[in-house]
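Predicted, not measured: the structure shown is a model, and the values here were computed from it. Along the sequence shown, the residues carry numbers beginning at 1.
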Amino acid sequence: MRAGQTMPVDRTSDIETVVRDLLRDVLALSQDRVDAFDCGTALFGALPELDSMAVASLLTEMEDRLGILIEDDDIDGETFETFGTLLAFAKAKLAQ
C-alpha cells in the first residue's frame, strides 16, 4: 500500500502488512529490517528513527491509511513499546 491509500476497514487480515508499511515509509527503514520485526521487537526507545515527531507522523499516517480516528486519550506509553503493542492498537481501533 502506498502513502495516501486508505485500507478498507473490512480488510483487517492485512493490518500487519499495513503497520509494517507504515513503519517502513514513515521511519525510512529498509524492507528487510521491517520484515524481521516480531511481536516482541522494541520500537520507541530502541529505534533511533522513532522519536516524538515520528510518533506524530505515524499516528497521522495510521489514521489516513486505515481510515480511523485516533484521539489523544487513545495513546499511552505502551502503544509504541513493541511491534506487537502497535499492531494490537491498530487492530483494536479497526474493530471499533
Problem set entry | Euclidean distance, Leu47 CG relative to Phe83 CZ, rounded to 0.5 Å | 11.5 Å
Problem set entry | Sequence-distant partners of Ser30, side chain to side chain contact (heavy atoms under 4.5 Å, CB included), two or more places apart | Asp32, Arg33
Exercise. Where is the tightest heavy-atom contact between Glu63 and Ile70, given as atom of each residue plus distance?
Worked result: OE2-N, 2.8 Å
Problem set entry | Closest heavy-atom pair and its distance - Val34, Arg20 | O-NH1, 2.6 Å
For this session: Using salt bridge (Lys or Arg N to Asp or Glu O under 4.0 Å) as the criterion, list what pairs up with Asp74, not counting sequence neighbours.
Result: Lys93
For this session: Answer yes or no: is there a side-chain heavy-atom contact under 4.5 Å between Leu58 and Glu61?
Result: no
For this session: Under the side chain to side chain donor-acceptor pair (under 3.5 Å) rule, collect the residues that match up with Asp35, sequence neighbours excluded.
Result: Gln31
Exercise. What distance do Leu86 atom CG and Leu43 atom CG have between them, rounded to the nearest 0.5 Å?
Worked result: 6.5 Å
For this session: Would you mind checking if Asp25 and Arg65 are paired as a salt bridge, meaning a charged N to carboxylate O distance below 4.0 Å?
Result: yes
Exercise. Taking all atoms of both residues into account, what is the closest heavy-atom pair of Val26 and Ala54, and its distance?
Worked result: CG1-O, 4.1 Å
Seminar exercise, completed: Sequence neighbours excluded, the answer for side chain to side chain contact (heavy atoms under 4.5 Å, CB included) partners of Phe44 is Leu50, Val55, Phe80
Problem set entry | Asp38: partners by side chain to side chain contact (heavy atoms under 4.5 Å, CB included), with sequence neighbours left out | Thr41
For this session: Enter the distance from Leu22:CG to Ser57:OG here, rounded to the nearest 0.5 Å.
Result: 11.0 Å
Problem set entry | Pairwise side-chain contact, Glu78 with Phe89, heavy-atom cut-off 4.5 Å (strictly under) | no
Problem set entry | Under 3.5 Å donor-acceptor, Thr79 side chain and Ile75 backbone | no
Exercise. Residues in side chain to side chain contact (heavy atoms under 4.5 Å, CB included) with Thr82, at least two apart?
Worked result: Thr85
